Amino acid sequence: MKDKTRNSVEYRVWGRYALFSDSLVRMGGERSSYLVPTYQALKSITEQIYWKPSILWLVDSVRILNPIQTESKSIRPISYDGQPNTLSIYTYLVNPCYEVRAHFIANPYRTEPDLIADGQNENKHHNIARRMVARGGRRDIFLGTRECQAYVEPCVYGEGAGYYDDRGEIDLGVMFHSFAYPDETGREELGVRLWHARMNHGEIVFPAPQDCPPEMYRRIRPMKPKAFGGKYGNFSGLQEDALADELCGPFPEGGEADG
């Protein structure tokens, strides 16, 4: 099991269904889930719990607690081309439950004055992130797709019993890892990363984005980073933090960021 990293949060996330879309089987509008969550899906869940553009979340590992089971459903997705919507088959994971460990670093590609004013104070962000985990997240939590509502609570990573704890190594093959967004890479392009996933005794340890195999990186299209700040009217970080302090109490002043 990977050692805990500075600025870490640990949480359990679960729900009735999950759908971590495998892009290879989405032809014709039908969807089928990967058997385990992707790095990008867990990163998105962590950002739903607490997100700021001035920090960058990195997912360290996940434990698969429940047996991997699937269920197919007949779905009539919304048709946007004016044609009658047709029946599709979606394959979901049933009763998923995961323990997740993630940590954050300061985002080196976010240097806008408003974001610096918001602060890259790791002690502040770590305390707020842990409070948001304890309160089930700042925004709605879902597993892969919006219809798969999920719930979050704090946990001690590794304490819960997992179905695959004594099952050895399971090769999951080549999987989608994450998107490479320009505000996280410094390159004005959108890319996609793949990797060869393995589950060892119920745990998947993820490589950091920069450690994914370069031969499995694909450029998708040119893309500029989204601008945040007061003049754009799309960032209210200081107000959100003030509201968090009002609801949950202020974070301890002067302490060291632990974890």
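Side chains included, hydrogens not; waters and symmetry mates left out as well; all remaining heavy atoms used. In this text the structure is predicted, and so the values were computed from the model without any measurement.
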ask   = Distance-only, no hydrogens or angles: does the H126 side chain make a donor-acceptor pair with backbone N or O of S8 under 3.5 Å?
value = yes
query = Got F179 and T185 here, is their nearest side-chain heavy-atom distance under 4.5 Å?
reply = no
key: Pairwise side-chain contact, M216 with V174, heavy-atom cut-off 4.5 Å (strictly under)   = yes
task = Give a yes or no answer on whether the side chain of Q149 reaches the backbone of I141 with a donor-acceptor pair at less than 3.5 Å.
result = yes
ask   = Is it true that E169 and R198 have a side-chain N and a carboxylate O under 4.0 angstrom from each other?
value = yes
key: Rounded distance [0.5 Å steps], CG in L93 versus CZ in F20   = 6.5 Å
ask   = Within the distance-only criterion (no hydrogens, no angle test), does the side chain of E153 pair as donor or acceptor with the backbone N or O of R12 below 3.5 angstrom?
value = no
ask   = Are the side chain of Y164 and the backbone N or O of R63 linked by a donor-acceptor pair below 3.5 Å?
value = no
ask   = At their closest point, which heavy atom of A129 faces which heavy atom of I49, and how far apart are they?
value = O-CG2, 4.3 Å
request  = May I ask you to check whether H201 and D166 show a side-chain donor-acceptor distance below 3.5 Å?
outcome  = no
task = State, yes or no, whether a side-chain contact exists between E189 and R219 at a heavy-atom distance under 4.5 Å.
result = yes
query = So E184 and K43, salt bridge (Lys or Arg N to Asp or Glu O under 4.0 Å) or not? Walk me through it.
reply = CA-CA 13 Å; E184 298 176 355; K43 179 172 178 283; 2.9 Å; yes
remark   = Of all heavy-atom pairs linking P96 and G15, the shortest is CD-O, 3.1 Å
request  = Compare every heavy atom of N66 with every heavy atom of C97, then report the nearest pair and how far apart it is.
outcome  = CB-ND2, 3.4 Å
request  = With rounding to the nearest 0.5 Å, note down the distance linking OG in S178 to OH in Y39.
outcome  = 6.0 Å
query = Is D140 close to Q48 at the side-chain level, that is, under 4.5 Å between some pair of heavy atoms?
reply = no
ask   = Taking the six-membered ring for Trp, is the centroid-to-centroid distance between F206 and W195 below 6.0 Å?
value = yes
query = Of all heavy-atom pairs between D171 and A197, which one has the smallest distance, and what is that distance?
reply = OD1-O, 3.7 Å
query = Any side-chain heavy-atom pair from I105 and W57 closer than 4.5 angstrom?
reply = no
ask   = Are I68 and I170 co-members of a hydrophobic cluster defined by side-chain heavy atoms under 4.5 Å apart?
value = yes
task = Output yes when a side-chain donor or acceptor of D211 lies under 3.5 Å from a complementary backbone atom of P207, and no otherwise.
result = no
message = Test your reading of the model: is there a side-chain donor-acceptor pair from N107 to the backbone of D183, 3.5 Å cut-off?
response = yes
task = Tell me, with the steps shown, if E99 and I64 meet side-chain contact (heavy atoms from CB on, under 4.5 Å).
result = CA-CA 7 Å; E99 285 183 355; I64 314 300; over 6 Å; no
task = Would you indicate whether the side-chain heavy atoms of F104 and L58 approach each other to under 4.5 Å?
result = no
task = Determine the minimum heavy-atom distance between V62 and P37, stating which atoms define it.
result = CG2-CG, 4.3 Å
key: Parallel, tilted or perpendicular: ring planes of H125 versus Y50, cut at 30 and 60 degrees   = tilted
ask   = Below 4.0 angstrom, N of the basic side chain to O of the carboxylate: do E47 and R138 qualify?
value = no
inquiry  = Within the structure provided, determine whether F142 and I45 are in side-chain contact (heavy-atom separation under 4.5 Å).
reply    = no
message = Distance alone, cut at 3.5 Å: any donor-acceptor contact between the side chains of Y90 and T145?
response = no
message = With a 4.5 Å cut-off on side-chain heavy-atom distances among I, L, V, M, F, W and Y, is there a chain of contacts connecting L172 to L42?
response = yes
ask   = For the side chain of D165 and the backbone of G162, is there at least one donor-acceptor N/O pair under 3.5 Å apart?
value = yes
Verify same cluster id: F176, L190 (apolar side-chain graph, 4.5 Å) = yes
query = With ring centroids as reference points, do Y92 and Y17 lie under 6.0 angstrom apart?
reply = yes
key: Inter-residue atom distance K73.NZ - E147.CD, 0.5 Å rounding   = 8.5 Å
inquiry  = Determine whether a donor-acceptor pair (N or O, by modelled atom type, separation under 3.5 Å) exists between the side chain of R16 and the backbone of V94.
reply    = no
key: In one Ile/Leu/Val/Met/Phe/Trp/Tyr side-chain cluster, 4.5 Å: Y151, L65   = no
H177 vs C212 side-chain heavy atoms within contact, under 4.5 Å = yes
ask   = Which pair of non-hydrogen atoms, one from A134 and one from P154, has the smallest distance, and what is that distance?
value = CA-CG, 3.6 Å
task = May I ask you to check whether Y157 and S61 show a side-chain donor-acceptor distance below 3.5 Å?
result = yes
Under 3.5 Å side-chain donor-acceptor pair for T91 and S33 = no
